[in-house]
Each structure stands twice: as structure tokens, then as C-alpha cells.
Amino acid sequence: MSEQQHEYAICTRALNREFTVRLKAEGLIASLRNFFAPASRTVNAVNDLELLIRPGDIVGFLGPNGAGKTTTLKMLSGLLVPTSGSIEVLGYTPFNRDHAFLKSISLVMGQKQNLWWDLPPIETFAIHRRIYGLSDSEYNTRVKELIDMLEIADCLETQTRKLSLGQRMRCELAVSLLHQPQILFLDEPTIGLDILMQKKIREFLLDYHRRFKPTILLTSHYMDDVAALAQRVIVIDHGNKVFDGHLSDLTQKLHPEKIMSIVLNNGEFECKLADGCRLIHREGLHYRFLVNRSRVPEMAAKLYATGNIADLTIEDPPLEDLIGQLFTSGRQKPE
Amino acid sequence: MSSMFKSDGKFAVLLAYFKIIMTYRGMMIIHAIRLLLLPMVLASAWLSIEKTANNPYSDSDYLLYYLLVPVIMNLTDSRIVFKFSLAVKDGSLNRDLLKPFPPLMGYFLESIAGNSMQLFYLVPFTFIFWYFVSDRVMLGHLEPSLLLFFVAAIIIGGLARLMVSGAIALLSFWIEDVTTLNLILNGGIWALLGGMIVPVATFPDKIRYIAELLPYRYMLSFPIEIFSGRLSSPEIYRGFATAAFWIILFAIIMRVIWKTGLKTYTAYGG
């Protein structure tokens, strides 16, 4: 069915998922009451979610804890049955779990999703090869490529449970990509890793995407991941989509100012600030301003005109701050 | 046929389970001791007490029976309840559901691997035990056809145990802890009606009739009764038919529970 090219790799309409959550107040009486009449409430983890993602796109899927990101990924990969609404992934209905569909996707969620914990990664690769029906040449070529790209040659024969977090994550990625999935769901792929390893994983994913063009849906609490990998972001909160668009649009809508940092050669800062600019920090010869985006060129010209500028940088506010702002300032909808 | 078995990964998964079991040698030995100990205690008890006049089992029969109980127990054992309920609780079932591979097949293959590996110590144990009691156990009746039925009965018994255990295991979709239910249905009742504590043939007639109708006898006592030469051909065929009925019935029950359970599965954890 799905050999044909679809306009959207992922398409959901009015997607909902409810969970029933058991409740129990503190204390013995409450426990007793709960024993005879268990209390529960229904939580809408995902609410009327519409997703349209084209083949080959990398999309950042953002939201605070409990926003419904992982629930959505689980529905998209066929682990969870939606309460209502429709999902199509590569033309398949995920929860039917057709083998052709499962051969076209990979879900990376932590470091225990695909690796056999009691065996070395190379054994998992061999099992994976048989399950996914890879030919000798496909297997040999891909294993070699992935080993080289992820630099995992030295840990292939060590029992998985004895590998470091970073080694396991890289091996997990390797096994998840061995069958060259058309869609890759990445749930916090760099969580718990040190900065160097995070960077390596990001670079690998970018390189892999450049070469094989899979559709990638990525959740991460590390905004560096999102900024490095995804051009488009979808933000959900309490199961509702609150933003869907280009990362720079999100930045612009949430924060219409840029941060301008300067270092003076010497002396005091003597320059009239343009309208919409304000000083937010000063330390010695270092100054930081918030500058309205439309005023950035004017302000930069003014600063250079003073002839006392040793260095000048202009940047967006940190993405973490923006997302934090999105979720704390009245759940505003920037769309 | 064999290429089909290889191409979709079943053989690779079966081999993986063998490799895992070999990784944990100590665990295997401890598990073996646990399973060997109880039948030895029961054999000693039955040999030391005075038999009633209408007991069809002589000391020699008890010796052969309890020589074979550990063998059959181990070869038909299943850990699917423990494994599957854990997989539902810690979310590792997710991994199986995301593979283009039948998710319950892994548990079946794991049982085959685990039970086959038991032969490593069951064979020497049985021969050592046999060496000490050979002068008291009669095996003159054994014919190739009887041995064939014996092997088939072990396979059928293993399947029956796996299916009943599997149905209990799948209740993990709704019940937080199925191990107690398993202890009742697949532990206590199995030990009693399967013939571990008392050989089924020595039951009072009415209880024996019930035991012959239920699946438990076929998981333990039936193969031993065949090996002992205590069953006629019609009784053997009837036994296989009854066991097959239970296997098919529980396969259907498992399928229904699986389909319904997946819809309620919340896929917690990674």
C-alpha cells in the first residue's frame, strides 16, 4: 500500500487520547474508601491534535513535561490506540501494526528500546537484520556506515548492560537505523548525555538526514537539539497544539527583541539609544541591550559610529527562555 | 519451511535466547536445583509411607514416576507470566510491539530455549538417579512407539502449559499483579491435578475423572503415564485429543485477550 509517495508522511486529524487516572487521597480512611469505591478521573493527554508533516522534514516537537509529546509519539508509532480521531503514517494506520509499516519506522525512546540488554550490540544488529529481512549486502554496508558515523567500533562486543550511557545511546541509534526507516521518532535522544556527546549525536543526526532524508519527529528538552536539527517546531501544552511553524517565527512572535552585546575599547558608553532599545546588563566594558528587531540595523550603525566598539554580537534570546515564557505567561497562543 | 523459519527472524531470536541463558549459567543452576528438590522430597515421602490396599502404585512405580517428574516439569516449564507481566509494567513490551515480529512469539521461543537448556543437567541427573535405582525400576515394556508418544506428550504438555500460562499472563493488561492468580491456577492446582504431589492414577475415581478432563494432567502426569506403560492406545489417543482441545481453546482465549488488551494498553515507560 505504502510504496506510493504520500503528500504527508504523518497526518493526524482531531486526534485525541484519554487516560483514566486512579486517585487516592492521603490517609487510612481514604485508602479504605478507595478500596470499596475507587475514584478516578479522565485526563485528556492529547486534544484534537492536527499534524501534517511532509516526507523528509525534521520537526521539533516541544512542550513541558506531561504536555502529551510522548503519548503522541506512541500513537504515531502504533503503541497506543487513539481514543478518537484519525492517524495516517506513510499511508498506514499505525495501531494496525502492519509489518510493512513497522519496517518503515523507528522509535528511539531511551537506551533500552531496541538493544538486547543481555547481549552485545553486534548480536542485536544480527537479530535485527533477520527480523527486518535485510540482505547480506544491505546489512554489511549499513552496519559499516553506522559504525563509522557513530564511532562505536570499540563497544560492539561488550554486553549492552555494561556500556556507558553515551555508548548505549549511539548503539541504540545504530540499531534503530539499520533498516533505514522512512520515519524516525526520537524521544529525548540526548537526555542524560554530556555536552560533547549531545553534540556528537546532533551532528550524526544531521549528517544522517542529509544522506538518507528520513522524516524525523524529535522531542527534546535540550533546545540546542531543536535549534540544531529542526527548522519547524510544533509546540503542545496540555495536549493542545499552541504553535506550529518556523522556529524563527516562534522566536519573533514570543520575543520581538534581539540581544545585542558590545565590548567597548575604553571609557564610558556614550551613545543615545534608539527607540525600543534598553540596557539590560553592564559589567566593565561589556554591555547588553534588548533591541527591537526593526531597530537592530539602526542601533548597530549608531554603535559603530561611536568608533569605540571592540566587539559586537547580535543574537536571539535563548530558546529555553522563550519556551519557558510560552508555558508560564498565561499559556498564550502566538498563532 | 526452514528458510521461512530463518528469514523472518524466529531462528535468530531463538538463538539469542540460547545465548542469554548461557550468559547466566549460575541462574540456570539455581533454577534447576529449585525444580529438582521438590520431586525428590515427594519421592522420599511416598516411599516411606505405607500404601493402602487399593493403591495401584508400587514402590517401583513411585520411583519411576518421581524419576521423571523433574524431567517433565522442567521440559514443560513456562515463565511467560513473570516475563510478560514485567514487560507490561516496565514498558519493555513496547520494544516487542514496534518490531515486525509477532510479539508473543518471543515468549514461546524463550520457553523452547529455556526448557531445552534444562537437558544439560536433567540428562546427567536422571542417569545418576537411574544408576542407584535401576534394579528396582522395570522398563522392559518400552518400545519405540511408546517413546515416540512420550516425546509427543512432552511437546503437547509444554504447549498446554504455555497456553494456560499465556492466558494468565495476558491478564496483566488489566491486573497489576497476576503472579498470585498464577500461583493458584498454574501453581497449586497444577501441582495437585497435574500429578506432582500425588500421581493422578492414584486419585479416587471421581477426582481422577475430573483431572483427566482438565488440562493440568497433560502438563505433567500424562507423559509419565505413557512412559510407564500404564495407558492403553485408546487412552493415549483420548489424552492427546483432550490436550489438543485445551491448547486450541486457550489459543483462542489468548487471541481474544490480546486483541482486547492491546486497546487498553497504556504503554507506560520506555
Side-chain angles (χ1 to χ4, degrees), chain A residues 17-22 45 70-71 73-75 77-83 94-120 123-135 159 161 172 175-176 179 181 185 187-188 191, chain B residues 2-28 83 86-106 109-110 113-114 173-176 258-270:
Chain A
R17 174 68 205 205
E18 293 175 353
F19 287 105
T20 303
V21 180
R22 284 281 171 89
T70 303
T71 300
L73 289 193
K74 284 178 176 174
M75 284 194 283
S77 58
L79 285 177
L80 278 176
V81 180
T83 306
F95 55 84
N96 288 343
R97 300 181 47 256
D98 291 273
H99 281 193
F101 165 71
L102 295 173
K103 283 183 178 180
S104 311
I105 65 154
S106 247
L107 170 66
V108 178
M109 198 161 41
Q111 304 92 36
K112 281 178 75 177
Q113 197 62 35
N114 289 297
L115 292 168
W116 285 59
W117 207 239
D118 298 308
L119 296 172
E123 293 276 14
T124 300
F125 291 0
I127 298 165
H128 201 83
R129 166 202 189 171
R130 296 294 177 200
I131 289 176
Y132 285 85
L134 304 181
S135 69
Q159 196 183 28
R161 62 167 72 247
E172 179 71 29
V175 74
S176 306
H179 58 283
F185 299 110
D187 193 15
E188 304 284 357
I191 197 162
Chain B
S2 67
S3 65
M4 267 176 65
F5 191 65
K6 276 185 173 180
S7 65
D8 63 358
K10 294 187 185 76
F11 189 63
V13 172
L14 179 65
L15 281 184
Y17 282 118
F18 273 113
K19 288 171 195 167
I20 291 172
I21 292 163
M22 283 187 270
T23 307
Y24 296 106
R25 296 173 295 255
M27 189 75 138
M28 195 173 110
K83 295 272 183 176
L86 189 67
V88 171
K89 268 186 232 167
D90 71 7
S92 51
L93 180 62
N94 295 352
R95 183 184 78 171
D96 300 329
L97 290 172
L98 288 167
K99 299 261 183 298
F101 187 81
L104 292 177
M105 180 59 71
L109 297 173
E110 190 177 9
F173 282 127
W174 297 274
I175 302 172
E176 191 91 4
W258 173 255
K259 291 225 162 201
T260 320
L262 269 188
K263 288 180 187 155
T264 65
Y265 180 52
T266 45
Y268 286 128

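Here is how names work: the chains are called A, B, and so on, in the same order as the sequence lines, proteins then strands, and each is numbered from 1.
In this structure, B/Asp96 has no salt bridge (Lys or Arg N to Asp or Glu O under 4.0 Å) partners at least two apart in sequence or on a different chain. Take A/Ala126 and apply the side chain to side chain contact (heavy atoms under 4.5 Å, CB included) test, not counting sequence neighbours, and it matches A/Tyr139.
For B/Thr23, the part lying near chain A is the side chain, with the backbone staying farther off; criterion is any non-hydrogen pair under 4.5 Å. Looking at A/Ile127, the atoms closer than 4.5 Å to chain B (heavy atoms on both sides) sit in the backbone and in the side chain alike. Proximity to chain A is absent for every atom of B/Leu15, based on heavy atoms less than 4.5 angstrom apart.
At distances below 3.5 Å, not a single donor-acceptor pair connects side-chain atoms of B/Arg95 with backbone N or O atoms of B/Ala87.
When each of A/Trp116, A/Phe101, A/Phe19, A/Phe95 is scored by its heavy-atom pairs under 4.5 Å with chain B, the top score falls to A/Trp116. The most heavy-atom pairs under 4.5 Å with chain B, out of A/Thr71, A/Asp118, A/Thr124, A/Thr70, come from A/Asp118.
Ring pair B/Tyr265/B/Trp258: centre-to-centre distance not below 6.0 Å.
Within the 4.5 Å cutoff, side-chain heavy atoms of B/Lys99 are placed close to those of A/Asn114.
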